[in-house]
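Numbers for residues simply follow the sequence, beginning at 1.
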Amino acid sequence: MTPSAPAYRRLSVEERRSQLLDAALSLFAHRAPEDVSLDDVAEAAGVSRPLVYRYFPGGKQQLYEAALRSAADELQQCFDEPCEGPLLPRLSRALDRYLAFVDEHDAGFSALLQGGSVVETSRTTAIVDGVRRAAAEHILSHLQVTRPGLRLRMTVRMWITAVEAASLIWLDEGKQPPADELRDWLVEQFVAVLSVTAGRDPQTAALVRVIEADA
């Protein structure tokens, strides 16, 4: 008997959109956005160019923004760690996920954060800034401070910026030192900047005492 061919399953609208976004993210992960065409996305997804336009009538710009928002959602989830146990191990696990994302989306991550892309707009900039703000909010929630003061908020946001810069330099240096060493280094820097702020801010000083007691 001749084996029957596998049955074709028609994708739903959401499934097809997800397929196209996955294909686009895969391409943006290894090439700068301006180097990716709609034909590239269609080929990677195994569909026709008109089908890509059907789901993203705004063309490459709309597809890029949708892919960027999808990546931003994934990045935000990196810091979504249960508030249980000592702070520093929680922060280490969050950084493990963050650096794994950076490792997987190396070229795309660089293009995303360094800007200068021909497809960059105020909307894409707002998406990236939203990731930074969400990460800061996650960190503050882990610190279990109901009303963080100005200095503490600034310290956390400055550290988020340092993490981004370190990630870009890490990619530029051929992903050296190893990710686990970079993670530990970034955690140590977090404690260090909190300690500096503690000298000027009683709220941060109290947090540092808690962290030291848990260590």
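Note on Leu194: it does not cluster hydrophobically with Met158, by side-chain heavy-atom contacts below 4.5 Å among ILVMFWY residues. Note on Leu20: it clusters hydrophobically with Leu38, by side-chain heavy-atom contacts below 4.5 Å among ILVMFWY residues. Grouping the Ile, Leu, Val, Met, Phe, Trp and Tyr side chains by contacts below 4.5 angstrom, directly or via other members, places Met154 apart from Leu143. Linking ILVMFWY side-chain heavy atoms closer than 4.5 Å, directly or via other members, places Leu171 and Leu25 in two distinct hydrophobic clusters. There is no path of hydrophobic side-chain contacts, each under 4.5 Å, that joins Val196 to Val145.
Paired with Glu81 under the rule side-chain hydrogen bond (donor to acceptor under 3.5 Å, both in side chains), one option of His138, Arg93, Arg90, His142 passes, and it is Arg93.
Between the side chain of Ser195 and the backbone N or O of Val191, at least one donor-acceptor pair lies under 3.5 Å. Looking at Trp159, its side chain does come within 3.5 Å of a backbone N or O of Leu186 through a donor-acceptor pair. Remark: the backbone N or O of Val193 is paired with a side-chain donor or acceptor of Thr197 at under 3.5 angstrom. When atom types are taken as modelled, the side chain of Asp129 and the backbone of Ala126 share no donor-acceptor pair closer than 3.5 angstrom.
Residue Ala72 comes nearest to Val131 through the heavy atom pair CB-CG2, 3.4 Å, listed as atom of the first residue, atom of the second, then distance. Contact detail for Ala179 and Trp170: the closest heavy-atom pair is CB-CZ2, 3.9 Å. Across every non-hydrogen atom of Tyr55 and Ser12, the tightest pair is OH-O, 4.5 Å. Listed here is the closest heavy atom pair of Ile139 and Ile160: CG1-CD1, 4.2 Å. In this structure, Thr204 and Ala198 approach most closely via the heavy-atom pair CG2-N, 3.9 Å.
Leu51 is listed as a side-chain neighbour of Arg54, based on a closest heavy-atom distance under 4.5 Å. The closest side-chain heavy-atom distance from Val36 to Val41 is below 4.5 Å. Taking 4.5 Å as the limit, some side-chain heavy atom of Glu164 sits within range of a side-chain heavy atom of Arg132. The side-chain heavy atoms of Leu63 and Leu21, taken from C-beta on, include a pair separated by under 4.5 Å. Contact check for Arg17 versus Phe56: side-chain heavy atoms found under the 4.5 Å cut-off. The closest side-chain heavy-atom distance from Phe190 to Leu87 is below 4.5 Å.
Glu15 and Gln19 form no side-chain donor-acceptor contact under 3.5 Å, judged by distance and modelled atom types alone. With hydrogens and angles left out, the side-chain atoms of Ser70 and Asp73 include no donor and acceptor closer than 3.5 Å.
The line from CD of Gln189 to CG of Leu182 is 8.5 Å long, rounded to the nearest 0.5 Å. Here the CG-CG distance, from Leu152 to Leu140, works out to 5.5 Å after rounding to the nearest 0.5 Å. Here the OG atom belonging to Ser141 is positioned 11.0 Å from the CZ atom belonging to Phe79, to the nearest 0.5 angstrom. Distance CG/Asp201 to OG1/Thr155: 7.5 Å, rounded to 0.5 Å. Separation of atoms CG (Asp184) and CG (Leu88) is listed at 10.5 Å; rounding is to 0.5 Å. Distance check, rounded to the nearest 0.5 Å: CZ of Arg151 to CD of Gln203 gives 11.0 Å.
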Could you walk me through whether Arg183 and Leu99 pass the side-chain contact (heavy atoms from CB on, under 4.5 Å) test, one step at a time?
CA-CA 8 Å; Arg183 173 204 64 208; Leu99 292 174; 4.0 Å; yes
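Surrounding CZ of Arg157 are at most 12 heavy atoms belonging to other residues, nucleotides or ligands under 6.0 Å away.
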